[in-house]
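Everything below concerns the one structure shown next.
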Amino acid sequence: MLPVPPALDYDVAIVGAGPAGAACALALRQRGLRVALLDKARFPRDKVCGDAIPGQAFKALRQLDPRFVEQLWQLQPRDDVRDSRLVAPSGTSLTLQWKLPSFNSPRETFDAALLELVQQHSTTEILENTGLKTLHIEADCARLTTTDGREITARLVIGCDGANSAVGRKLLPAPLDRAHHCAGVRAYYENVAGASSGTTEFFLSSDYLAGYVWLFPVGDGRYNVGLGMLSEIVSKHKVDLKETLTRVLATHPELAGRFAGARQLGPIVGFGLPLGGGRERPISGHRFMLCGDAASLIDPLQGHGIDTAIQSGIMAGAQAAACFAQQDFSAECMQQYDAEVAHKIGRKLAKSYRLMCFLSNKAWLVNAAVRLARVPGLKPWVQQAIG
């Protein structure tokens, strides 16, 4: 008979060691708390997304410690991003310059580097290969059991475990709202003609306006290529996203020639993105908070969420410290976290959601906006409108 693993006691249990969880652990590094960081995977591990790390993510980490950003900018492979090229349904293109320094890097590389920062700069106990099996919130603690049979008690639990958050499903269950959810597919390619380092590309079409095709360089001559679409559209029209991406790369006027000699590296894989900005829902309660994708903080217009994951993880760390200082872990106290996320992140996501909905069936308007942006003096206005 196998021995029963011992119970583990912590002040804070963070579930999920991606960007939100790592940022939360870093935000708690000097608070004198016993922190556990759990993840069902062993790092490095792949995470299916577009691999674009927005400049706001680095800005947030820099506020914690400039050394974190300096260390991340040594990553390889990576591609330093300077601008983005937007191709309208009409084929007219517009190039927009990024204001903040940013790069693209495979999530397998980036997320492992973030976790290494936690290992180097904090006393957080990292528990890899440790999935969450059960979670119960009691009056005086959160009680977790893991897939390897351990029991963990913590005074506070923070769910940073992604779009299919186990913490969220157990504590704030909600049906899938396809109007506020995006489905996507991604594959890696090399030998893509006409692609240039430093430029991310977005391709819009009247066939999939509630989404776009992207082409992002990620270093070492590789490109992250994918298609994202509103789940409501996917379900209504029974869209096979993998087949659609393959067909678009072979037939799109801007892409067919560029992918004729390209080589696909590995399969096309899918993922889901819970979009922010379209509805209000709680992201905390008695002795718990949700961050990042688990809190539905994906930008509806651009599809990125690493920056909001890091920002919300840092906010959750600050709220956790306040809870311990006040010895108050009530749902009412946690409302401070909800309010801060709504103010600093939610308002921008709401703007993006409204703009996405407005443009989703108006190819003519997208074409007009791109043409308008080519008029001297009007480009900054268009760039500000789309973030």
Side-chain angles (χ1 to χ4, degrees), residues 7-39 60-61 63-65 117-118 121-127 130 132 134-146 151-162 165-173 280-297 308-346:
L8 303 173
D9 296 310
Y10 298 95
D11 293 311
V12 181
I14 304 170
V15 181
C24 187
L26 290 170
L28 288 169
R29 71 195 185 285
Q30 297 173 340
R31 301 293 188 172
L33 301 173
R34 297 165 298 161
V35 180
L37 180 58
L38 296 67
D39 200 285
L61 288 170
Q63 291 172 348
L64 287 181
D65 192 323
L117 289 176
V118 177
H121 299 280
S122 79
T123 59
T124 302
E125 184 166 356
I126 299 171
L127 305 173
T130 305
L132 180 64
T134 67
L135 170 61
H136 299 284
I137 302 295
E138 301 179 0
D140 59 349
C141 71
R143 196 172 299 276
L144 305 81
T145 59
T146 65
E151 182 176 289
I152 294 175
T153 58
R155 300 181 71 189
L156 181 63
V157 63
I158 303 177
C160 303
D161 48 340
S165 170
V167 177
R169 292 199 310 272
K170 295 176 189 302
L171 301 181
L172 289 173
E280 291 187 11
R281 60 181 288 259
I283 55 173
S284 70
H286 179 58
R287 293 192 182 274
F288 76 90
M289 290 176 275
L290 300 178
C291 302
D293 291 8
S296 299
L297 297 180
T308 52
I310 289 174
Q311 290 166 349
S312 62
I314 294 172
M315 292 178 201
Q319 178 63 39
C323 289
F324 280 94
Q326 302 166 24
Q327 288 299 297
D328 186 350
F329 304 92
S330 65
E332 290 75 19
C333 182
M334 296 302 174
Q335 284 297 312
Q336 300 170 26
Y337 169 70
D338 288 53
E340 185 173 18
V341 170
H343 175 69
K344 294 186 176 179
I345 298 176

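For the pair Gln311/Ile314, no side-chain contact is recorded, criterion being any heavy-atom separation below 4.5 Å from C-beta on. At a threshold of 4.5 Å between non-hydrogen side-chain atoms, the residues Leu297 and Val341 count as touching. Annotation: side chain of Leu127 is not in contact with side chain of Thr146 (no heavy-atom distance under 4.5 Å). Side chains of Arg29 and Val118 form no contact here, defined as non-hydrogen atoms less than 4.5 Å apart. Between Thr308 and Ser312, the closest side-chain pair of non-hydrogen atoms is not below 4.5 Å.
The distance from the NE2 atom of His136 to the CG atom of Leu171 is 10.0 Å, given to the nearest 0.5 Å. Taken from SG in Cys323 to CE in Met334, the straight-line distance is 3.5 Å, to the nearest 0.5 Å. Of the inter-residue distances, the one linking Arg287 atom CZ with Cys333 atom SG reads 11.0 Å to the nearest 0.5 angstrom. To the nearest 0.5 Å, atom CZ of residue Arg34 and atom OG1 of residue Thr123 are 11.0 Å apart. Interatomic distance, CD1 of Ile345 versus CE of Met315, reported as 4.0 Å (0.5 Å rounding). Rounding to the nearest 0.5 Å gives a distance of 9.5 Å between CG of Asp11 and CG of Leu28.
A centroid separation of 6.0 Å or more is found between the aromatic rings of Phe288 and Phe329.
Listed here is the closest heavy atom pair of Ile137 and Ala142: CD1-CB, 3.7 Å. Here the shortest heavy-atom pairing between His286 and Ser330 reads ND1-CA, 3.7 Å. Between Leu172 and Pro282 the shortest heavy-atom distance is CD1-O, 3.3 Å. Across all non-hydrogen atoms, the minimal contact from Leu132 to Ala166 is CD2-CB, 4.1 Å. Minimum heavy-atom separation, Cys291 to Tyr337: SG-OH, 3.4 Å. Contact record, Met289 with Ala316: CE-O, 3.5 Å, taken as the closest heavy-atom pair.
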Side-chain polar contacts of residues 12-27 - donor-acceptor pairs under 3.5 angstrom, sequence neighbours left out - could you list them?
none

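At least one donor-acceptor pair under 3.5 Å links the side chain of Asp338 to the backbone N or O of Ile283. Judged purely by atom type and a 3.5 angstrom limit, Thr124 has no side-chain atom pairing as donor or acceptor with the backbone of Val35.
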